[in-house]
There are 2 protein chains.
Amino acid sequence: METVDTRQEILIQASRLFKKLGYRATTTREIAKAVNIKQPSLFHHFPNKKAIVEEIFSLSLNEAAVRIEEACRRDGPASERLHQYLVWDLSTLHRMPMAMSAIYTGDALKSEEFAELAAKLKAFYHSLEDLISQGIDSGEFVEIDPMLGRLIVASMTIAHLEYAEEVTVTDPDRIAREGADLILRAFRREQN
Amino acid sequence: METVDTRQEILIQASRLFKKLGYRATTTREIAKAVNIKQPSLFHHFPNKKAIVEEIFSLSLNEAAVRIEEACRRDGPASERLHQYLVWDLSTLHRMPMAMSAIYTGDALKSEEFAELAAKLKAFYHSLEDLISQGIDSGEFVEIDPMLGRLIVASMTIAHLEYAEEVTVTDPDRIAREGADLILRAFRREQN
DNA sequence: GTCTATACTGAGATAGAC
DNA sequence: GTCTATCTCAGTATAGAC
């Protein structure tokens with residue numbers, strides 16, 4: 001058996017613990033125990049604890065950052081582009097074996113140590129606010145501060161992820177669509 | 001000058017740090033530094049670090065738990081009762097000098113150590129789900145799993161708190177009403 | 001009620017055998 | 001690639017002077 005499996009298992013178990021306890025509160029001993037190895041063995045797969053959370057973070061954010069930026073630049077109604085993005089995002093996250101809500105919920109990103117990751121996330125948020133602004137300008141969305149809009153999209157995404165992590169998903173695509181619909185309801189102006 | 005001021009200041013600074021870094025990641029030295037006292041002086045005001053977070057938590061939850069339960073039992077449209085509750089909740093939280101979003105966001109509640117607080121929060125969530133169920137049954141709300149509804153109410157509340165903590169609120173009542181409106185938009189069936 | 005000094009514990013990480 | 005043993009350091013909390 002290759003090392004890849006243990007590596008993957010570390011990511012899965014660590015993400016669950018990060019979600020439950022937060023990054024700092026989760027000890028490498030706890031992660032190791034969940035993976036069924038001893039604590040020092042973790043350091044064969046990752047140089048340090050930080051690298052574990054960085055990898056989980058990259059998994060969730062790298063492609064998302066590209067896609068949200070594309071969504072900003074494409075033509076067509078902003079509400080449709082946001083909806084499309086959210087469906088992709090949710091269905092991708094729902095398919096991952098890690099507890100992805102750990103990332104956004106977590107304490108890790110807010111500390112100095114993770115300034116680089118925080119910067120990536122900030123850029124992502126910037127694009128998201130841009131897209132929301134477009135929808136407000138075109139009259140598709142209610143008039144709110146784009147920053148509040150971004151906070152709501154992010155928090156509803158987490159809520160939906162947490163929900164899906166709870167109920168065991170059978171059809172990731174369907175639940176992703178429902179999630180995206182729900183998020184857009186909070187913004188979209190009723191067309192009468 | 002009485003000890004009350006230092007005590008209050010500890011709660012304020014601690015809440016901000018808990019919000020930024022999470023409970024476990026925030027050290028008593030950092031809290032002390034923010035309050036401008038030395039680390040051991042904290043222990044004159046609180047028996048331990050845990051007691052600080054417990055007090056912040058109680059401040060936010062004790063009355064809320066009572067009010068949400070009352071809202072469940074009153075007559076009238078569930079959407080109105082939920083709206084009323086949310087206005088009260090948001091305006092109360094917005095008025096507090098602490099960073100109240102720290103509590104829900106934080107990692108503290110999820111650890112074993114805080115099982116008692118977690119139980120209180122669970123009871124609160126139970127009432128919230130009950131109220132949402134009432135609104136679904138009466139046709140006021142869209143048909144979603146009440147648990148998802150609860151997650152969304154909670155996450156949007158946090159998002160709104162974080163927003164208000166960012167922009168400096170001049171009129172807590174107005175922003176509370178706007179927040180409650182926004183949260184209800186996500187659920188309320190459009191009446192055609 | 002705040003300080004300095006310090007005890008104690010638990011965490012991340014390394015060394016080196018197997 | 002995993003183990004046992006251990007280093008080192010940071011964090012909570014206490015003791016006791018002022």
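Chain A is the first sequence line, chain B the second, and so forth, proteins listed ahead of strands; every chain is numbered from 1.
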Taking the ring centre of each residue, are A:Phe114 and A:Tyr23 less than 6.0 Å apart? yes
Whole Å only: how far is the CD atom of B:Gln39 from the C1' atom of C:dA7? 12 Å
note: A:Lys38, atom NZ; C:dT14, atom P; distance rounded to Å ~ 20 Å
Check the distance between D:dG16's P and B:His44's NE2 and give it to me in whole angstrom. 18 Å
Report yes if a donor N or O on one partner sits less than 3.5 Å from an acceptor N or O on the other, where the partners are the side chain of A:Arg29 and the base of C:dG12; otherwise report no. yes
Distance in angstrom units between B:Glu113 CD and D:dG11 P, rounded: 16 Å
Is there a side-chain polar atom (N or O) of A:Lys49 under 4.0 Å from OP1 or OP2 of C:dG12? yes
Indicate if A:Val167 and B:Val153 have the same hydrophobic cluster label, given that clusters are the connected sets of ILVMFWY residues with side-chain heavy-atom separations under 4.5 angstrom. yes
Taking the inter-plane angle between the rings of B:Phe124 and B:Tyr85 on a 0 to 90° scale, is it parallel (under 30°), tilted (30 to 60°) or perpendicular (over 60°)? tilted
Classify the ring geometry of A:His94 against A:His160: parallel below 30°, tilted from 30° to 60°, perpendicular beyond 60°. tilted
Just to confirm, is there a sub-4.0 Å distance from OP1 or OP2 of D:dC3 to any side-chain nitrogen or oxygen of A:Ser41? yes
Does C:dT2 have its OP1 or OP2 closer than 4.0 Å to a side-chain nitrogen or oxygen of B:His45? yes
At less than 4.0 Å, is any side-chain N or O atom of A:Thr6 found next to OP1 or OP2 of D:dT2? Yes or no. yes
